Enquirer: 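Just passing along the structure, written as structure tokens.
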Amino acid sequence: MTQDFFNKNEWSIKSATEYYGIAKWGAGYFSISSSGDVVVNPSGADHGPSVSLKEVAMEVEARGLSMPVLLRIENILGSQIKLLHETFRKVIRENNYRGVYKGVFPIKVNQQEQVIEAICQFGKEYNHGLEAGSKSELIAAISMLQNRSACLICNGYKDEEFIDLGLHAIRMGFKVFFVVEVPGEVDLIIERAKLHKLKPALGLRIKLSTQAEGQWSESGGDASVFGLSMSHTIDVIERLKAVDMLDCLQLLHYHIGSQIPNISDIRAGAMEASRIYEELVFEGAPMGYLDLGGGLAVDYDGSNTNSHSSRNYTMEEYCCDIVESIITVLDKNDIPHPTIITESGRAIVAYYSVLLFNVLDISSFEPPPIPDKLPVFDNDLIENLMLIYNMVSEKNIQECCNDALFYRTQARQLFKHGQISIRERALAENLVQHTLVKISRVSRQLDHIPRDAQKINNLIYDIYYGNFSLFQSLPDVWAIDQILPVMPIHRLNDVPTRQAIISDITCDCDGKIDKFPDISNENKRLMLHPLRDNEEYYLGVFLVGAYQETLGDLHNLFGDTNVVSIHVNDDGSYKFIRELEGDSVADVLTYVEYDLSAMKNRLKDLAENAIQGGFITARERKSILASFEEGLRGYTYFEKE
Ligand SMILES: *Cc1c(COP(=O)(O)O)cnc(C)c1O
């Protein structure tokens with residue numbers, strides 16, 4: 001089956017760049033080298049060093065770690081933090097904003113120690129802080145954040161222990177804010193603060209009426225489960241006044257959702273919050289900080305639109321809209337400009353990790369060849385199908401399509417009633433498939449592809465089996481239809497000829513990737529290269545640094561993948577700074593509470609009984625037990641010999 005999607009002679013690195021959209025979603029961090037490999041440019045854009053991902057994959061395997069591997073490119077974290085701060089600084093300067101920007105990283109977006117450590121390190125010169133939403137996150141934050149000028153924001157539902165931890169952090173010199181999320185919390189905070197003889201900085205998380213489009217629209221607006229309504233807000237102010245603690249109220253916070261695709265929602269949120277901020281100043285609170293939460297989106301599909309996997313704005317527009325909104329509202333009454341805080345998580349970490357995996361096998365749509373001499377059956381089904389196949393031309397696509405599908409139904413009916421054999425049915429279905437492939441090929445020459453032919457095009461694809469678990473490594477693809485960029489990381493000088501979808505190796509029919517960045521609106525398939533003998537074919541899923549790592553689960557008992565982090569030096573060399581072995585089979589069995597020694601004993605008994613019964617020899621028992629042991633030590637994914 002030649003599919004002829006692209007003209008082989010016109011294919012170039014430029015075509016590959018366009019087709020896979022890498023320049024659009026890659027944000028300057030990823031591109032294709034002249035040798036046809038995907039390279040990472042950790043400083044962003046065209047300047048600076050670059051490293052071939054294919055080369056890294058080979059190096060990783062040479063070190064004995066199998067695919068799939070989650071590759072983290074540490075420098076990208078630094079580049080994104082720098083970009084966020086410098087963009088805010090520029091916009092602040094250009095607009096004569098009389099306040100500064102301070103970011104915090106919300107730990108829930110990627111809690112890995114290594115990530116938090118790198119963020120604290122890269123964020124040091126910008127006083128980038130952390131946001132904690134639970135006790136565990138707060139303890140992690142206190143242990144990692146060295147910088148006492150950076151903010152430590154405590155969100156989430158807080159019990160006594162959580163509050164005490166925060167108060168201890170204040171004692172140790174941290175710049176802690178307790179954000180009141182529900183009205184009940186404030187009394188407990190007041191009580192604990194009195195006991196510790198401290199006046200902590202307080203914030204209020206408010207429910208805006210502004211609701212953002214996108215996946216998380218319910219995080220904001222009236223439906224939001226978190227945050228104070230306007231009357232709650234007044235109630236909290238009254239309680240603080242009553243205990244003479246209104247001077248603790250310094251911060252206003254809101255979060256209308258993650259991945260906000262539409263800039264007008266960002267602006268509307270900032271305007272509404274600025275108005276409330278102003279009112280809190282009128283009430284007599286000192287204020288000083290406006291925390292706009294997360295929401296800065298990542299353009300996963302590269303479309304630069306308000307589709308839910310994209311965003312219709314740049315980082316600069318984001319910063320600009322926030323700064324302008326605050327100025328517009330507060331300047332009317334000469335309210336001093338607050339320190340701006342955002343809790344961008346996704347935008348900081350998404351780019352820095354890539355899931356690399358190899359393709360294990362392909363299930364091809366390609367039907368077996370039509371036999372030169374057709375066997376003779378005693379009805380004309382096969383003859384008719386052959387006729388249709390030969391007839392397909394640009395002029396009668398619709399007709400051939402209808403006829404082929406009609407005869408396929410008929411073949412299945414005849415089979416059901418015992419009138420044709422399994423061989424005849426197989427041949428009939430084979431001919432139908434050949435006809436559909438031919439229709440698809442011919443239709444692609446047309447300017448206007450008939451609707452049914454288009455449907456057929458979408459049915460003709462190979463299934464590429466990738467060595468990974470969607471549920472473990474890309475849970476949002478399954479859970480919320482997140483679109484993530486996927487592409488081969490090498491061979492991009494060659495024209496891809498196979499129309500494909502990607503399946504993982506769980507035995508769940510949901511474990512597949514069949515939506516790709518919007519390359520062409522009508523095409524829900526990805527063009528890939530045919531496999532070559534004795535050569536691995538590597539694919540990468542990009543922009544997976546946010547949320548994916550710990551949301552994943554043990555579906556089919558596939559565990560954590562191997563993880564490798566690299567740091568790219570200025571001269572283009574790179575070093576492996578960390579490698580973490582993924583879960584072994586024994587690890588995942590322990591997670592679901594198997595008792596490994598009891599399992600081994602049971603197997604020993606079983607094998608012993610098999611010897612007694614004369615089924616196996618003592619020597620065979622030894623090798624059976626040894627392979628069982630080896631299996632337990634092994635990686636949960638497909639391993640090469
Ligand atoms: C999840 C969350 C964030 C992070 O949002 P991103 O869109 O990933 O930047 C920030 N703040 C709060 C309160 C959150 O719940």
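Just so it is clear, the model here is predicted, and its values are computed rather than measured. When a ligand or atom number is given, it counts from 1 through the structure's own listing order.
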Enquirer: How are the rings of H255 and H253 set to each other: parallel, tilted or perpendicular (split at 30° and 60°)?
Expert: parallel
Enquirer: For atom NZ of K241, decide whether the heavy atoms of other residues, nucleotides or ligands shown that lie under 6.0 angstrom number more than 12.
Expert: yes
Enquirer: Might you list the protein residues in contact with ligand 1, defined as having a heavy atom under 4.0 Å from one of its atoms, sorted by chain and number?
Expert: P106, K108, V109, E131, N155, R205, H253, H255, S258, Q259, G294, G295, E343, S344, G345, R346, Y547
Enquirer: Holding to side-chain contact (heavy atoms from CB on, under 4.5 Å), I want the full list of residues that pass it with C120, two or more places apart in sequence or in another chain.
Expert: I116, L130, M144, L145
Enquirer: Once you measure the plane-to-plane angle for Y351 and Y29, does it fall in the parallel (<30°), tilted (30-60°) or perpendicular (>60°) bin?
Expert: tilted
Enquirer: Which donor-acceptor pairs under 3.5 Å do side chains of residues 165-179 form with protein atoms, sequence neighbours excluded?
Expert:
{"unit_1": "R171", "atom_1": "NH2", "unit_2": "H196", "atom_2": "O", "d": "2.6"}
{"unit_1": "K175", "atom_1": "NZ", "unit_2": "Y289", "atom_2": "OH", "d": "3.0"}

Enquirer: With sequence neighbours excluded, tell me which residues meet salt bridge (charged side-chain N to carboxylate O under 4.0 Å, His left out) with E549.
Expert: R72
